[in-house]
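For reference, the structure discussed in these notes is given below.
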Amino acid sequence: MYSFCTFNNVFLTFIATYLVATTLDNMRDSNTMSQNSLLGAEYGVASTVLHPGRNHSPESSVSDDLPIISMNNGMLQNFEPDSHTDLPKTVAQILNESSSPMSMDFHPVQQTFLLVGTDIGDIGLWDVNLGVKMLSRNFTVWNIGACSTMFKTAMMKDPCMSVNRIAWSPNGSFFGIAYSKHIVQLYSYHGVTDVQQKLEIDAHVGGVNDLAFATPSKQQLVITGGDDKLIKVWDVITGVQMHNLEGHEAPVYSLCPHCKDGIHFIFSTSVDGKIKAWLYDNMGARVHIDAPGLACTTIAYSADNKRLFSCGTNKNGESFLVEWNESEGDAKRTYQGLCENSSAVVQFSPIKEKFLAAADDHVIKIWDMDRVEQLTIIDAGDLPANPHIRLNKDGTLLAVIASENKIKILATAYGLQLLNASVTGFVNSSSDVSDGPRKHIINPSSSVANSGEADAHVPTHVISPSVANSGEADSHVPTVKKMSYANLSASLQNCDEERIKDAKQKIIDNANNKSGVCKIIQISMPSQCKSLQLNGCGEADKISRLIYTNAGNAILALASNATHLLWKWPQNDLNLSGKATTDVPPQLWQPRSCSRMMTNDLTDSTPDEAVPCFALSKNDSYLLSASGGIISLFNMLTFKRMMSFMSPSPAATSLAFHPQDNNVVAIGMDDSTILIYHVRFTEACFSPFKEKYIVKSKLKGHSGRVTGLAFSTAMDLLVSSGEDAQIFTWNLGGWGKCKSKQLQFTDERIPVRGSNTMVQFHQDQVHFLVVHETQLSIYEAKELGCVQQWIPEDSTRISQATLSCDSQMVFACFIGGIVSIFGASDLQLKCQILPISYLPYTPRGNVHPHAVAANPHKPTQFAVGLTDGAVIVFEPQEPGNSWYLAEYEPATASSCLLQDD
């Protein structure tokens with residue numbers, strides 16, 4: 001029997017006293033606790049923990065993949081009805097990450113949404129039903145100034161960061177990431193892709209090895225355990241540390257908060273094979289246990305919270321899967337069949353209240369909870385020796401990390417039906433079942449209209465004709481939200497009528513439960529946000545195009561006089577990252593060897609008709625640019641023109657580098673054609689009259705100049721747009737035309753002649769933003785279906801708009817001077833920055849933002865280029881804050897909150 005106090009006595013004591021003063025030292029094992037970690041090394045800054053999900057062994061040689069089931073088939077193929085149908089045995093989906101996945105967690109409510117953290121610190125949220133990554137965030141420190149000197153030193157020595165643990169809160173409203181160095185980051189989650197930074201905590205010295213949420217006394221808490229042998233408890237809302245639990249003598253490995261008989265406590269394990277139990281106080285551990293074999297162990301309860309299990313591996317490679325007898329204080333069952341020489345800690349999970357699953361020896365092994373003999377093996381194919389696994393709440397889907405950065409989703413028979421019938425909206429689960437694009441209205445009876453603030457300068461909305469004709473567009477109707485990835489009928493085309501009916505009813509019920517209140521933040525004073533003005537040199541000229549460098553440390557502008565301006569942020573004590581910030585002004589930069597700025601050739605150009613355009617290569621080394629004349633290729637390090645080509649006419653009006661080959665460029669022309677150009681650094685390329693040697697394809701379809709180009713390698717498509725208000729898709733393989741779509745206009749919003757249309761792909765590479773002076777729209781690329789649409793009701797014209805780097809927001813600037821921020825998932829107006837807050841001096845004349853660019857690493861930072869030649873960088877007032885309030889947060893005194901009834 002393993003030496004520890006009986007759980008029965010402990011829980012009786014808990015119930016009798018609620019807070020036990022004694023630490024039950026007399027029940028501790030008489031053996032001296034080991035000071036060493038699992039690897040036999042003392043604690044240091046570098047983590048000694050073998051983290052869940054990390055592959056510590058060579059790749060599997062197993063190659064017999066289970067068949068992938070098509071979710072669009074009416075019948076389930078290759079399924080064995082006579083085998084255990086309540087086990088996840090069928091590979092239903094394979095997700096491809098760009099780096100090695102380390103940790104995963106399914107959303108507790110939307111059970112087809114999977115959070116993933118990788119070995120380079122990136123996180124992503126997948127819809128496993130569609131196999132689409134809905135959002136992704138690259139690792140970045142939100143506020144380096146608030147971090148400890150030890151963390152800064154550790155980052156300077158080794159800037160690499162890995163995710164050790166990613167986890168949802170019990171209700172799915174938050175998720176947290178534990179990183180391999182010091183910090184924890186918490187996000188609030190408001191549905192589908194609406195994710196906001198919440199807290200960044202410098203939690204531990206060394207790695208943060210596990211993280212878990214708990215709600216004792218209805219208080220939202222997050223618990224962390226680290227290399228410094230400590231367990232800490234934090235308030236999720238305020239970030240205040242509530243408890244510091246000391247007692248482990250080796251790095252903390254895993255955490256398991258639980259509630260039994262009304263008593264909230266925490267199980268913790270350490271790498272030296274010790275298990276402890278704690279109350280939410282600072283009075284020390286109440287229970288001290290040796291894990292079987294002194295193994296590095298994880299603990300979990302069955303879904304009904306009645307049975308306790310643990311699984312672990314010790315430094316000799318021996319693994320133990322055990323059910324505990326809480327009343328007697330010993331191992332009730334030790335399950336058979338685990339490998340005896342594991343190279344990493346075996347990961348396990350209960351499946352509801354019936355089965356246990358453990359990832360071992362390149363397969364997933366299954367046990368009936370009531371039998372020690374192994375029940376069956378699931379060979380998902382191409383798995384590492386001890387992969388990380390995760391089940392959704394209902395046990396119908398199992399995610400397992402496979403080789404080559406893949407995640408395989410295995411499903412039960414019911415899980416396959418769940419995937420097949422899953423209805424996921426681009427906004428959230430409360431999606432509209434109509435096929436038309438979503439359009440918005442500010443109700444005339446709302447506080448916005450009656451306050452007198454919804455004047456000609458405030459973009460308003462028009463209502464969908466289908467709603468207007470129904471007579472239901474009154475102030476009591478909640479805003480209804482449109483499906484995202486396709487219309488409802490396409491998503492459910494092979495489901496039976498009963499499931500469709502149920503899905504529609506659930507959507508309607510969810511929509512009716514929404515408050516329908518649209519909160520709009522209005523910024524009217526400079527103190528309400530951070531802004532930084534960047535000025536050029538010489539006579540000011542309108543900023544025609546604006547972009548951040550891909551490194552995020554500079555802003556490049558193209559003025560209407562064909563001059564490029566590059567502002568670079570220095571890396572110094574005031575700006576340790578060297579990235580763009582409003583706290584430190586950048587320098588207007590040019591190489592010492594170059595006496596002038598990069599300037600486009602205006603020979604044979606017509607300035608009044610020119611459409612300036614440029615494109616920056618992925619590595620920030622090369623710039624393609626044109627201002628109505630010859631296209632120039634500049635070296636960004638030396639500012640020297642490396643080559644010129646394509647003398648007008650026709651002139652280039654849009655440019656885009658192929659994302660996977662900088663030598664391939666798409667060039668939109670003012671004669672309505674698109675040229676696919678091969679730029680090779682050969683002697684022939686330096687002549688502007690030898691296009692025939694390097695033009696690969698000439699695409700025809702538009703009836704006006706082409707003003708927008710965007711590549712999607714995921715969809716294998718090029719999307720183009722033009723002044724003809726048409727959208728075309730072209731296949732990257734043979735450059736053939738796939739589909740076309742005409743933008744729709746209301747009678748009141750007929751575009752003026754020469755209006756440009758621009759396109760930009762969403763981060764998911766499936767949807768794209770369309771920007772026209774009369775509207776903002778979100779389209780899906782495959783069928784060119786309009787998913788969302790926003791149309792100003794008055795004569796307000798949109799100058800430009802762009803997606804934030806995480807595709808959660810749309811930053812749009814208007815000719816009247818207003819800068820608006822929309823939610824990208826629903827194109828709902830969230831925030832307005834009024835001209836008076838950043839253009840305080842009216843003598844500057846009719847100045848307004850003409851260009852906009854989003855920071856590639858900071859989702860909330862963006863910049864606008866003005867018609868007087870200045871550039872203004874914007875950020876929220878506090879680091880990590882959003883531009884608009886979360887639904888549960890009250891309005892602050894520094895913001896003017898408008899509510900659309």
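Quick note: numbers below take in every heavy atom, side chains included, and nothing from hydrogens, waters or symmetry partners.
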Using 30° and 60° as the class limits, which term best fits the ring planes of Tyr187 and Phe175: parallel, tilted or perpendicular? parallel
Which is it for Trp367 and Thr376 under the side-chain contact (heavy atoms from CB on, under 4.5 Å) test, yes or no, and what are the steps along the way? CA-CA 7 Å; Trp367 291 263; Thr376 188; over 6 Å; no
Is the ring centre of Tyr301 less than 6.0 Å from the ring centre of His258? yes
Where the side chain of Asn209 meets the backbone of Val252, is there a donor-acceptor pair that is under 3.5 Å apart? yes
Quick check: do Ile366 and Leu87 have side-chain heavy atoms less than 4.5 Å from each other? yes
Sub-4.5 Å side-chain heavy-atom contact between Leu221 and Trp234: no
Is there side-chain contact between Leu115 and Phe106, with heavy atoms separated by less than 4.5 Å? no
Can you give me the closest heavy-atom contact between Ser349 and Ile389, atom names plus distance? N-CD1, 4.3 Å
Only one of Phe174, Trp126, Trp168 passes ring-ring contact (aromatic ring centres under 6.0 Å, His included) with His107; say which it is. Trp168
Of all the heavy-atom pairs spanning Lys406 and Ile94, show the shortest one and how long it is. CD-CG2, 3.9 Å
Which residues satisfy the salt bridge (charged side-chain N to carboxylate O under 4.0 Å, His left out) test with Glu323, sequence neighbours excluded? Arg307, Arg333
Ile223 versus Pro257, closest heavy-atom pair with distance: CD1-CB, 3.8 Å
Can you tell me if His767 uses its side chain to pair, donor with acceptor, with the backbone of His762 under 3.5 Å? no
Can the ring centroids of Phe267 and Trp278 be said to lie less than 6.0 angstrom from one another? no
Set of ring-ring contact (aromatic ring centres under 6.0 Å, His included) partners for His857, sequence neighbours left out: none
Under 3.5 Å donor-acceptor, Glu200 side chain and Trp142 backbone: yes
Under 3.5 Å: donor-acceptor pair, side chain of Asn171, backbone of Ser173: yes
Side chain to side chain contact (heavy atoms under 4.5 Å, CB included) partner of Leu211, the single match among Asn164, Ile177, Val222: Val222
When you look at Thr224 and Ile201, which way does the side-chain contact (heavy atoms from CB on, under 4.5 Å) test go after all the steps? CA-CA 10 Å; Thr224 61; Ile201 306 171; over 6 Å; no
Residues Thr269, Ser254; criterion side-chain hydrogen bond (donor to acceptor under 3.5 Å, both in side chains); working and verdict: CA-CA 5 Å; Thr269 72; Ser254 70; 2.7 Å; yes
Would the distance check show the side chain of Ser342 and the main-chain N or O of Val346 forming a donor-acceptor pair, the cut-off being under 3.5 Å? no
So, Gln347 and Asn386: side-chain donor and acceptor under 3.5 Å apart, yes or no? no
In terms of side-chain geometry, is the basic nitrogen of Asp290 or Lys274 positioned less than 4.0 Å from the acidic oxygen of its partner? yes
Quick one: do Lys133 and Asp764 make a salt bridge, cutoff under 4.0 Å? no
Taking only residues two or more places apart in sequence or in another chain, which ones pass salt bridge (charged side-chain N to carboxylate O under 4.0 Å, His left out) with Glu340? none
Any donor and acceptor pair, going by atom type alone, linking the side chain of Thr412 with main-chain N or O of Pro88 inside 3.5 Å? no
Any side-chain donor near an acceptor of the partner, Thr396 and Asn392, under 3.5 Å: yes
Measure from the side-chain N and O atoms of His388 to the backbone N and O of Ile401, and report whether any donor-acceptor pair falls under 3.5 Å. no
Please find the pair of heavy atoms, one from Gly293 and one from Asn314, that lie closest to each other, and give the distance. O-ND2, 3.2 Å
Apply side chain to side chain donor-acceptor pair (under 3.5 Å) to Ser270 and list each qualifying residue two or more places apart in sequence or on a separate chain. His248, Asp272
What I'd like to find out is whether the side chain of Asp716 reaches to under 4.5 Å of the side chain of Leu732, using heavy atoms alone. yes
Using modelled atom types only, decide if a donor and an acceptor are shared between the side chain of Arg137 and the backbone of Val195 within a distance under 3.5 Å. yes
Considering non-hydrogen atoms only, spot the tightest contact between Gly225 and Leu255 and give its length. N-CD1, 3.6 Å
Are Val116 and Ile123 close enough that some pair of their side-chain heavy atoms sits under 4.5 Å apart? no
Could you measure the distance from the SG atom of Cys259 to the CD1 atom of Ile266? Nearest 0.5 Å is fine. 12.0 Å
Given 3.5 Å as the limit, does a donor-acceptor pair link the side chain of Lys365 with the main chain of Gly337, or not? yes
Keeping Thr118 on the side-chain end and Asp122 on the backbone end, is there a donor-acceptor pair under 3.5 Å? yes
Could you list the residues that satisfy side chain to side chain donor-acceptor pair (under 3.5 Å) with Asp368, not counting sequence neighbours? none
Apply side-chain contact (heavy atoms from CB on, under 4.5 Å) to the pair Val400 and Ile364, showing each step before the final yes or no. CA-CA 9 Å; Val400 57; Ile364 300 168; 4.2 Å; yes
Quick one: salt bridge (charged side-chain N to carboxylate O under 4.0 Å, His left out) partners of Lys354, sequence neighbours excluded? Asp86
Is any side-chain heavy atom of Tyr179 closer than 4.5 Å to a side-chain heavy atom of Val184? no
Look at Lys782 together with Glu780 and state whether they make a salt bridge at an N to O cut-off of under 4.0 Å. no
